[in-house]
Amino acid sequence: SYTITVTDVGLTEGSFFVIRFIDFLFLSSLLTLTTKPTQVNCALDNLLKPLTKVGVNAGAFAMIISVTLRFIPTLIQESGKILKAQASRGADFEEVSLMTKIVQAVSLVIPLFVITYKKSVDLTYAMEARGYVERKERSSLYELRYGFIDYASFVLITILFIGSIISLF
């Protein structure tokens, strides 16, 4: 038999976690809806380029981040389709027991995993067909240059990031 104790600290930490998760979803959705994936990739590549001096493959890391951000709305859309398909088969997502919710979550996660795997394989083939080579230096049609707004945004985001880390302690 297990007992669950609800404390003020647990509720506070849980609410901070939920708020951070919602912030992440909101900001990543805002980024993907307002910025083209190629622009995100170029910006990340340029921002992370100094890390190549310490052996980090900035191009591959930027590609991973941009593909991840690009697939967030797609995964949300696919999970909505799976939920509708499960509901049409009679799944009740409202008031059910914990065990039933776990089974329903598995029935959502497994098809989502299969769809994600298929999409990643398709993406791999598309990248190979376009001549993507991981360690190869890339050129860009447009040269990105930093301006005042870029530096001001960077300082503001750095301050907010440090503030969020300090708020953890």
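Checked by atom type and distance alone, the side chain of Ser29 never pairs as donor or acceptor with a backbone atom of Phe26 at under 3.5 Å.
Not counting sequence neighbours, the partners of Thr74 by the side chain to side chain donor-acceptor pair (under 3.5 Å) test are Arg70.
In this structure, Ser88 and Ala85 approach most closely via the heavy-atom pair OG-O, 2.7 Å. The shortest heavy-atom contact between Pro111 and Val106 is CD-O, 4.1 Å.
Other members of the cluster containing Leu156 are Leu160, with ILVMFWY side chains joined at under 4.5 Å, either directly or via other members.
For the atom pair Phe71 CZ and Thr116 OG1, the distance stands at 8.0 Å (nearest 0.5 Å). The distance from atom NZ of Lys81 to atom CD1 of Ile76, rounded to the nearest 0.5 Å, is 13.5 Å. Put simply, CD on Gln86 and OG on Ser79 are 12.0 Å apart, with the number rounded to the nearest 0.5 Å. Note: Lys118 NZ to Glu78 CD = 11.0 Å, rounded to the nearest 0.5 Å. How far CG of Leu112 is from CG of Leu108: 6.0 Å, rounded to the nearest 0.5 Å. Summarising the geometry, atom CG belonging to Asn57 is positioned 8.5 Å from atom CD1 belonging to Ile64; distances are rounded to the nearest 0.5 Å.
Hydrophobic clustering places Ile82 together with Leu75 (ILVMFWY residues linked when any side-chain heavy atoms are closer than 4.5 Å, directly or through intermediates). Linking ILVMFWY residues whenever their side-chain heavy atoms come closer than 4.5 Å, directly or via other members, places Tyr125 and Tyr117 in the same cluster. Clustering ILVMFWY residues whenever any of their side-chain heavy atoms sit less than 4.5 angstrom apart, transitively, puts Ile157 in a cluster other than the one holding Leu30. Under the 4.5 Å side-chain heavy-atom criterion for ILVMFWY residues, no single connected hydrophobic cluster contains both Phe148 and Tyr151.
Within a 6.0 Å sphere centred on CG of Asp8, heavy atoms belonging to other residues, nucleotides or ligands number 12 at most.
When side chains are defined from C-beta on, Gln39 counts as touching Lys36, because their heavy atoms get closer than 4.5 Å.
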Taking only distance into account, with no hydrogens and no angle test, what donor-acceptor pairs under 3.5 Å do side-chain atoms of residues 13-21 form with protein atoms, sequence neighbours excluded?
residue : atom : partner : partner atom : Å
Ser15   : OG   : Leu11   : O            : 2.4
Ser15   : OG   : Thr12   : O            : 3.3

